[in-house]
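This report concerns only the one structure given below.
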Amino acid sequence: MTEAEVLNNTETGDSKTPVNFIQTIISEDLRTGKNGGRVHTRFPPEPNGYLHIGHAKSICLNFGLAAANNGITNLRFDDTNPSKEEVEYVESIKTDVRWLGFDWEDRLFYASDYFELLYSFAVQLIKAGKAFVCDLSAQEIKDYRGTLTEPGKESPYRNRSVEENLDLFERMRAGEFEDGSRVLRAKINMASPNLNMRDPVIYRILRATHHRTVDKWCIYPMYDYAHPLSDALEAITHSVCTLEFADHRPLYEWFIDNVDYDSAKYGRPQQIEFARLNLTHTVMSKRKLRQLVEEGYVSGWDDPRMPTISGLRRRGYTPASIRDFCERIGVAKRDSMVDIALLEHCIREELNFKAPRVMAVLQPLKVIIDNYPEGQVEWLEAENNPEDPEAGSRKIPFSREIYIEQEDFMENPPKKFFRLVPGGEIRLKSAYIIKCEEVVKDEQGNIIELHCTYDPDSKSGGPTAGRKVKGTSHWVSALHAIPAEVRLYDHLFLQEDPEGDETEDFTSNINPGSLESLTACMLEPSLVDAVTGNRYQFMRQGYFCVDPDSTPDKMVFNRIVSLRDTWAKMQKK
RNA sequence: UGGAAGGUGGUCUAAUGGUAGGACCAUGGACUUUGACUCCAUUAGUGCAGGUUCGAGUCCUGCCCUUCCAACCA
């Protein structure tokens, strides 16, 4: 979208998504000619974990804002802490951003690309008397920092000479000092009400192998120092981050203002904060997600119950549905908790149009149609998608013995139950109407099979198919069915806000029924060709996709999301 | 109790000082060879108290509530 279109949208109000406050800022910057009309954003993950749906919001925002304003977006890894970062994570992050549908083209960067420059900027600060080497221990620095209500005290090393600071900093780099023994600090204001301004640490000594620079460095810059300058060096115009960094903005600007990075060439980045995404019935912090993985509550980062991009992908969510979700939730500065039902709505809406319909019986009940000729098989025509005439149709086999869903039969039904009951009738989808004649039970009284008769005149699509019965069931021919495993997923946490009670361990809220594995499912034979990632609607049940665990001998499906189920709702009441 | 940012139906999000709207959820109904989809309808909101104004969600004052900040993490 061009600037004119954006503005036009604002005026006419016919934009599908209302412009958010960041777009308003950008539009104003464009109007006043700030940054020479450039819009350049960046997505700056730290490669210390897998991306989740909250990152998707940021990715869609950063790439979306740039795209909407004729701008570009960098992918930049914020890799300044080698003790926590790994290549595994950078690879997964690249995969996830690409999968979501975004392209950083040739603009893949790492904060570590700038280590040498950042070092020289630090030397610059020292020479200007704006940074000093401090010998205080971590604990002492903390003690000197003061509190929220009391100012801090200046470090006794604060007034070292430029020469001594230069010498010490050079020797820090050279590896002459132990980890943690000294740091480089910015000289700002120990009495500032903003703790971030109380002579913040900008370099620490840390002997850890970096995933890119390996053992070249034993000092590493801190986020507060590396981030604004990385933004500046990439000529970023709008540096969008989450709310918790708002207090860091004065520091961000301090480095931009006090380092000579050639602002005439690169411009001056502006930090803008927005509220991170919270979703009901899940957790979003990397620490907690890692805990779920490491303590075995889930099978891995890509467990289909996880809110990670890889989990959602394996679950069967599409990139388009996630992008749609991110559009719909909007962008603002107030803390919020989005109902996960909105995410579910987005995938249902997309799949309703795109997913082929098939029949699958999850909990089979054998039905024998006594008046259907033994050995006969009819291949019946079944519509692939009533929402899409282009989807065509397929043939499904009908025979004397079929399976229906156990819950589609009740011996003693409640009122409003319009499925199969003793002596009652039901339409088999795309086939015949059958009538229940006899219920067969085992010694424990469990229903093991049904004997029915069919109405030959009720064949679906035939000239005499017009007779109406209240209920319709899905089914599969017993002879032709493909056995499969189907995994049903529910919310990972029972409570809407599993992190709400800080006194309680969030793992105590895990939903014990979040995964239900059904291993005796029966699928219609057309599914024999299904491959990993294929998505279907199992009629009357939900949307499912083939899991990577699936093999030709043992197919495995994940339930992406159920269909809306009015009957289940009625029963709950 | 220092500083910063916020408070619009259950949830998310709109509204040059001028009819508080949309989406999700919920509820009721129509339709249905998916109790799906679709369609229709309904409930329900500007944190509180003042002030300015012909008129305040919007401006002013005071109060209340929420979130964030005291890593050599990001």
Side-chain angles (χ1 to χ4, degrees), chain A residues 11 13 16-20 44-46 48 78-81 83-85 134 136-138 141-142 145-152 179-185 192-198 200-206 219-220 222-224 226-227 241-250 273 275 280 286 328-346 348-349 352-353 357 359 383 386-387 416-419 426-431 433 458 460-461 465 468-474 496 537-542 562-570:
Chain A
E11 284 162 11
K16 196 178 176 190
T17 49
V19 308
N20 59 58
E46 181 188 16
N48 70 342
D78 229 321
D79 56 350
T80 56
N81 185 0
S83 64
K84 291 185 176 176
E85 298 151 5
C134 182
L136 255 23
S137 69
I141 288 180
K142 187 176 178 180
R145 184 153 34 225
T147 68
L148 293 177
T149 52
E150 305 157 28
D179 284 15
S181 61
R182 278 178 237 260
V183 292
L184 183 71
R185 292 226 250 168
S192 171
N194 182 339
L195 294 275
N196 297 116
M197 302 300 273
R198 321 243 263 227
V201 171
I202 59 184
Y203 267 92
R204 76 284 213 184
I205 304 172
L206 177 63
I219 59 171
Y220 291 93
M222 301 289 290
Y223 165 87
D224 281 322
H227 202 87
C241 65
T242 45
L243 250 29
E244 67 270 26
F245 293 104
D247 284 341
H248 297 240
R249 196 188 330 130
E273 310 88 16
T280 57
K286 275 188 196 172
R328 291 183 187 232
I329 57 177
V331 181
K333 295 193 78 144
R334 78 180 80 141
D335 296 303
S336 62
M337 171 81 74
V338 175
D339 194 334
I340 198 166
L342 181 59
L343 216 210
E344 295 171 347
H345 167 81
C346 292
R348 281 195 189 105
E349 188 173 69
N352 180 43
F353 286 98
R357 272 59 170 171
M359 290 199 281
E383 214 177 3
E387 303 290 335
K416 293 281 192 85
F417 182 85
F418 40 86
R419 302 179 187 180
I426 196 167
R427 158 74 64 181
L428 294 176
K429 177 73 186 171
S430 302
I433 292 171
S458 65
S460 198
K468 303 283 183 195
V469 289
K470 190 66 179 165
T472 302
S473 276
H474 57 279
E496 278 204 351
Q537 183 194 99
F538 287 2
M539 295 201 90
R540 304 208 305 135
Q541 306 199 92
S562 68
L563 251 30
R564 286 181 60 206
D565 190 348
T566 308
W567 170 241
K569 262 182 220 165
M570 286 167 67

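Order of the sequence lines fixes the chain letters, A, B, ..., with proteins taken first and strands second; residue numbering starts at 1 for each chain.
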NA contact type, [X], heavy-atom cut-off 4.0 Å: base, sugar-phosphate, or nothing?
{"X": "A:Lys416", "answer": "base"}
{"X": "A:Val331", "answer": "sugar-phosphate"}
{"X": "A:Leu243", "answer": "nothing"}
{"X": "A:Ile141", "answer": "base"}
{"X": "A:Arg182", "answer": "nothing"}
{"X": "A:Pro44", "answer": "nothing"}
{"X": "A:Phe417", "answer": "base"}
{"X": "A:Gly461", "answer": "base"}
{"X": "A:Phe353", "answer": "nothing"}
{"X": "A:Arg334", "answer": "base"}
{"X": "A:Glu344", "answer": "nothing"}
{"X": "A:Leu136", "answer": "base"}
{"X": "A:Met359", "answer": "nothing"}
{"X": "A:Ser336", "answer": "sugar-phosphate"}

Between [N] and [M], how far apart are the two [atom1] atoms, rounded to whole Å?
{"N": "B:U16", "M": "B:G7", "atom1": "P", "result": "15 Å"}
{"N": "B:C31", "M": "B:A36", "atom1": "P", "result": "13 Å"}
{"N": "B:G6", "M": "B:U43", "atom1": "C1'", "result": "28 Å"}

Please tell me which of the listed nucleotides, [options], lies nearest to the side chain of [X]?
{"X": "A:Arg204", "options": "B:U33, B:A74, B:A70", "result": "B:A74"}
{"X": "A:Lys569", "options": "B:A74, B:A26, B:C24", "result": "B:A26"}
{"X": "A:Asn81", "options": "B:G35, B:A74, B:G2", "result": "B:A74"}
{"X": "A:Ala332", "options": "B:C37, B:U13, B:U32", "result": "B:U13"}
{"X": "A:Phe418", "options": "B:C72, B:C24, B:G35", "result": "B:G35"}
{"X": "A:Ile329", "options": "B:C12, B:U34, B:C72", "result": "B:C12"}
{"X": "A:Lys333", "options": "B:A74, B:G3, B:A5", "result": "B:A5"}
{"X": "A:Thr147", "options": "B:A70, B:U34, B:C24", "result": "B:A70"}
{"X": "A:Asp335", "options": "B:U67, B:A74, B:G35", "result": "B:U67"}
{"X": "A:Asn20", "options": "B:A14, B:A4, B:A71", "result": "B:A14"}

What is the distance, to the nearest angstrom, from the [atom1] atom on [X] to the [atom2] atom on [N]?
{"X": "A:Glu496", "N": "B:C25", "atom1": "CD", "atom2": "C1'", "answer": "10 Å"}
{"X": "A:Arg198", "N": "B:A70", "atom1": "CZ", "atom2": "P", "answer": "11 Å"}
{"X": "A:Asn196", "N": "B:A74", "atom1": "CG", "atom2": "P", "answer": "13 Å"}
{"X": "A:Ile202", "N": "B:C73", "atom1": "CD1", "atom2": "P", "answer": "14 Å"}
{"X": "A:Arg564", "N": "B:A36", "atom1": "CZ", "atom2": "P", "answer": "7 Å"}
{"X": "A:Leu343", "N": "B:C12", "atom1": "CG", "atom2": "C1'", "answer": "13 Å"}
{"X": "A:His474", "N": "B:U34", "atom1": "NE2", "atom2": "C1'", "answer": "9 Å"}
{"X": "A:Asp79", "N": "B:C73", "atom1": "CG", "atom2": "C1'", "answer": "14 Å"}

Below 4.0 Å: OP1/OP2 of [N] and any side-chain N or O of [X]:
{"X": "A:Thr280", "N": "B:U11", "result": "no"}
{"X": "A:Arg145", "N": "B:A71", "result": "yes"}
{"X": "A:Lys468", "N": "B:U33", "result": "yes"}
{"X": "A:Thr472", "N": "B:U32", "result": "no"}

Less than 4.5 Å apart, side chain to side chain, heavy atoms only: is that true for A:Met359 and A:Leu428? no

Looking at every heavy atom in both [X] and [Y], which two are closest together, and how far apart are they?
{"X": "A:Leu563", "Y": "A:Gln537", "value": "CD1-NE2, 3.9 Å"}
{"X": "A:Leu136", "Y": "A:Ile141", "value": "CB-CG1, 3.7 Å"}
{"X": "A:Leu342", "Y": "A:Arg328", "value": "CD1-CD, 4.1 Å"}
{"X": "A:Arg185", "Y": "A:Val183", "value": "CG-CG2, 3.8 Å"}
{"X": "A:Val201", "Y": "A:Met222", "value": "O-CG, 3.3 Å"}
{"X": "A:Arg334", "Y": "A:Ala275", "value": "O-CB, 3.2 Å"}

Close N/O contacts between protein and nucleotides 46-48 of chain B (under 3.5 Å):
none

Only pairs with both distances under 3.5 Å count, Watson-Crick or wobble alike; so what is the partner of [N] in this structure?
{"N": "B:G28", "result": "B:C40"}
{"N": "B:G35", "result": "none"}
{"N": "B:U52", "result": "none"}
{"N": "B:A4", "result": "B:U67"}
{"N": "B:U11", "result": "B:A23"}

Going by modelled atom types, is there a donor-acceptor pair between the base of [N] and the side chain of [X] at under 3.5 Å?
{"X": "A:Arg540", "N": "B:U34", "result": "no"}
{"X": "A:Ser460", "N": "B:U33", "result": "yes"}
{"X": "A:Asp247", "N": "B:G3", "result": "yes"}
{"X": "A:Glu387", "N": "B:U38", "result": "no"}

Contact nearer the 5' end of RNA chain B, comparing A:Pro193 with A:Asp78: A:Pro193

Are the ring of A:Trp567 and the six-membered base ring of B:G35 within the stacking cut-offs of under 5.5 Å and under 30°? yes

Please say which of A:Glu344, A:His345, A:Arg348 ends up in a side chain to side chain contact (heavy atoms under 4.5 Å, CB included) with A:Arg564.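 Exactly one pass, corresponding to A:Arg348.
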
Would you please classify the geometry between the A:Tyr223 ring and the A:His248 ring as parallel, tilted or perpendicular, with 30° and 60° separating the classes? perpendicular

Anti or syn - B:A5, cut at 90° from 0: anti

Rounded to the nearest 0.5 Å, what separates atom CG in A:Asn194 from atom CZ in A:Arg249? 10.5 Å

